[in-house]
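The next block holds one structure in the form of structure tokens; read it before the comments.
Note that the coordinates shown come from a computational prediction; the quantities given were computed from them, not determined experimentally. Numbered from 1 within each chain, the chains take letters A, B, ... in sequence-line order.
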Amino acid sequence: MKSQGVTVRGPLFDTMVAHYLLEPDMRHNMDLLAETYLHYTPISITELIGKKGKKQLNMSELSPEEIYEYACEDADVTLQLKNYFAPLLEKNKVRKLFDEVENPLIPVLAAIEYEGISIDGNAMAESSKELAGYISDIEKQIYQMAGTTFNIGSPKQLGEILFDKLNLTGDKTKKTKTGQHATGEEVLSKLAGQHEIAQLILDHRQLTKLKSTYIDALPQLICARDGRVHTSFNQAVAATGRLSSTNPNLQNIPIRTEKGREIRKAFVPRDGSHLLLSADYSQIELRIMADFSGDATMKEAFQKGLDIHASTAAKVYHVGLDEVDSDMRRKAKTINFGIIYGISAFGLAERLRIPRREAVEIIDAYWQEFPAVKQYMDSAINSAREKEYAETILGRRRYLRDINSRNANIRGYAERNAINAPIQGTAADIIKIAMINIHNWIETEKLQTRMILQVHDELVFDAPKEELGIIQPKIAELMKTALPLSVPMEVGMGVGENWLAAH
DNA sequence: AGAAGTCTCGC
DNA sequence: CAAGCGAGACTTCTT
């Protein structure tokens, strides 16, 4: 049996901790999780998972004895690792992170996975037919314009059609690392003014993505036993401490486009007496940046409850808050995100499609107005150079062994990690604590509300209508107070007949 | 059959 | 060179 996930990637004990927390494969053993942590009578994994993708199909083909053996083996691996590493854990921050966050989170995740979420399969089937029609129409138009049929889903073939046959000219004729013509969204968007076919390809891409990844895939994962979809949350996969979600990934359900939003509408409460409640942290990463840097201007914006992007725009463009137009706000929003990721002037210019010179000016103005942010970023990099790791507020470490590399490219990547990992990871720490506290509160109050999803800064609940009055203020409070910072934490909330309406 | 590459969905 | 973290579908290359 494979023991992937057990691999110890680094020599230092707290890297090992991340792996002993949870053997990732174990997360798929719902029987074991339910039995161990929820004291439910385990139901057959074959029954629960039913027909799935290729990997799960193999699982279903196992006999109950084999499944049991598999589960035991996983549990045994986890236990062995735990026994081996536990004595190495001293009374330090990482120990606390394990004892007070990651370990108590396990039963919470198990409960969420076990609970599942209802998806309207009929709506999905309707959508599938509709999309198939649109896609076939677009295909015909593309073939006509190209003067030939080809596989639109093949970047290689598409590149040859666009750039060799139709002789379209990208401004730099971007190439991928294998020497092919790049045909990504960015390239095609720029080509849209030149030839109608580019927009059609983009539309085709969007529709086939929605159809194959969501509309056709999700209904297949509806569990025959309870009619719900059960994701798996990986607790020890993302380098920053975030969760990730697989089989299916419920952390990347579309919301951006109109057609995408239709998919969100198919995520519904368990029945007519329930509603979905969505609670999300507002700008949690920027608030963490404000706290870490102590920047007076940024902290003031949050303390006053201002629109942070508009506030940033007012500062950077030296205008009054009421003079900020939508374009200034949009650019400031991009800057704010860029700050968290360690952006360059080049990157900002690319994203905003503005001249380099303008991007430099904007960034200079930003440092002028938020000097403590600049100082924080420099000190984060210096600290990582010294220690070869970056850490969150709870001491969750990300090792950055490339931080002193002589290769500027590799070093730059590590430096951006040094800035981003503490921020993204602290956000993960905070929502994990909130999840534990909320789960425990629901249990002690013996409520019927169930937490059913986590999407990095959002929690989704399936709640009886009559419990909404009690749970809304309490959930908001528990999220805000999970780990108090020097700036207030805001939580947005919505209730609805589906996940889209709950936003 | 599996790995690698490309692309696109989310926060 | 050039913004962080993921998962999954699909095509194409390698074994």
> Going by distance alone, is a donor N or O of one side chain under 3.5 Å from an acceptor N or O of the other, for Asn247(A) and Ser232(A)?
Replying inline: no
> How would you label the contact of Glu185(A) with the nucleic acid (heavy atoms, under 4.0 Å): base, sugar-phosphate, or nothing?
Replying inline: sugar-phosphate
> Should Thr208(A) be listed as having a side-chain N or O under 4.0 Å from OP1 or OP2 of dA9(C)?
Replying inline: no
> Can a donor-acceptor pair be found between the side chains of Ser278(A) and Glu458(A) at a distance below 3.5 Å?
Replying inline: yes
>> Taking only the P atom of each, what is the distance from dT6(B) to dA2(C) in whole angstrom?
In response: 14 Å
> Hey, does Thr334(A) reach any base, or is it just sugar-phosphate, or nothing, if we go heavy atoms under 4.0 Å?
Replying inline: base
>> Please classify the nucleic acid contact of Gln206(A) as base, sugar-phosphate, or nothing, using heavy-atom distances under 4.0 Å.
In response: sugar-phosphate
>> So if I take every side-chain heavy atom of Asn151(A) and compare against dA9(C), dC5(C), dT11(C), which nucleotide ends up nearest?
In response: dT11(C)
> Charged N to carboxylate O under 4.0 angstrom, Arg450(A) versus Asp462(A)?
Replying inline: no
>> Arg329(A): which residues meet the side chain to side chain donor-acceptor pair (under 3.5 Å) condition with it, sequence neighbours left out?
In response: Asp307(A)
> Counting any heavy atom closer than 4.0 Å, what does Asn252(A) reach on the DNA or RNA strands: base, sugar-phosphate only, or nothing?
Replying inline: base
>> Among Ile215(A), Thr213(A), Thr257(A), exactly one meets side-chain contact (heavy atoms from CB on, under 4.5 Å) together with Ile263(A). Which residue is that?
In response: Ile215(A)
> What parts of residues 370-384 of chain A reach DNA chain B, counting only heavy atoms under 4.0 Å away?
Replying inline: none
>> So Arg416(A), base contact, sugar-phosphate only, or nothing? Heavy-atom distance under 4.0 Å.
In response: sugar-phosphate
> Base, sugar-phosphate, or nothing: which does Ile255(A) touch, judged by heavy atoms less than 4.0 Å apart?
Replying inline: sugar-phosphate
> Do NZ/NE/NH1/NH2 and the carboxylate oxygens of Glu262(A) and Lys265(A) come within less than 4.0 Å?
Replying inline: yes
Under 3.5 Å donor-acceptor pairs involving side-chain atoms of residues 420-436 of chain A, not counting sequence neighbours:
| unit_1 | atom_1 | unit_2 | atom_2 | d |
| --- | --- | --- | --- | --- |
| Asn420(A) | OD1 | Gln424(A) | NE2 | 3.3 |
| Asn420(A) | ND2 | Ile340(A) | O | 3.3 |
| Gln424(A) | OE1 | Thr240(A) | OG1 | 2.8 |
| Thr426(A) | OG1 | Ile393(A) | N | 3.3 |
| Thr426(A) | OG1 | Pro422(A) | O | 2.5 |
| Asp429(A) | OD1 | Arg396(A) | NE | 2.9 |
| Asp429(A) | OD1 | Arg396(A) | NH2 | 2.7 |
| Asp429(A) | OD2 | Thr392(A) | OG1 | 2.6 |
| Lys432(A) | NZ | Glu102(A) | OE1 | 3.2 |
| Lys432(A) | NZ | Glu102(A) | OE2 | 2.7 |
| Lys432(A) | NZ | Gly241(A) | O | 2.8 |

>> For a quick check of understanding: with a heavy-atom distance under 4.0 Å over all strands, which category does Ile253(A) fall into, base, sugar-phosphate or nothing?
In response: sugar-phosphate
>> Going 5' to 3' along DNA chain B, which are the first and last nucleotides with any atom under 4.0 Å from a heavy atom of chain A?
In response: dG5(B) to dC11(B)
> Ser212(A) has a side chain; which of dT12(C), dA9(C), dG8(C) sits nearest to it?
Replying inline: dA9(C)
Please tabulate, one pair per line, all N/O donor-acceptor pairs under 3.5 Å involving side-chain atoms of residues 355-364 of chain A, not counting sequence neighbours.
| unit_1 | atom_1 | unit_2 | atom_2 | d |
| --- | --- | --- | --- | --- |
| Glu358(A) | OE2 | Lys331(A) | NZ | 3.4 |

> With a 4.0 Å cut-off on heavy atoms, is Ala421(A) in touch with a base, just the backbone sugar-phosphate, or nothing at all?
Replying inline: nothing
> Does the side chain to side chain donor-acceptor pair (under 3.5 Å) test come out yes or no for Tyr399(A) and Arg397(A), once each step is laid out?
Replying inline: CA-CA 6 Å; Tyr399(A) 278 86; Arg397(A) 294 182 187 181; 3.0 Å; yes
> Taking the side chain as C-beta and beyond, is there a heavy-atom pair between Leu276(A) and Ile452(A) under 4.5 Å?
Replying inline: yes
> Where the side chain of Arg242(A) is concerned, which of dG8(C), dC5(C), dT11(C) is the nearest nucleotide?
Replying inline: dC5(C)
> Counting only non-hydrogen atoms, which of residues 279-289 of chain A are less than 4.0 Å from DNA chain B?
Replying inline: none
> So, do His181(A) and Leu162(A) sit near enough that their side-chain heavy atoms are less than 4.5 Å apart?
Replying inline: no
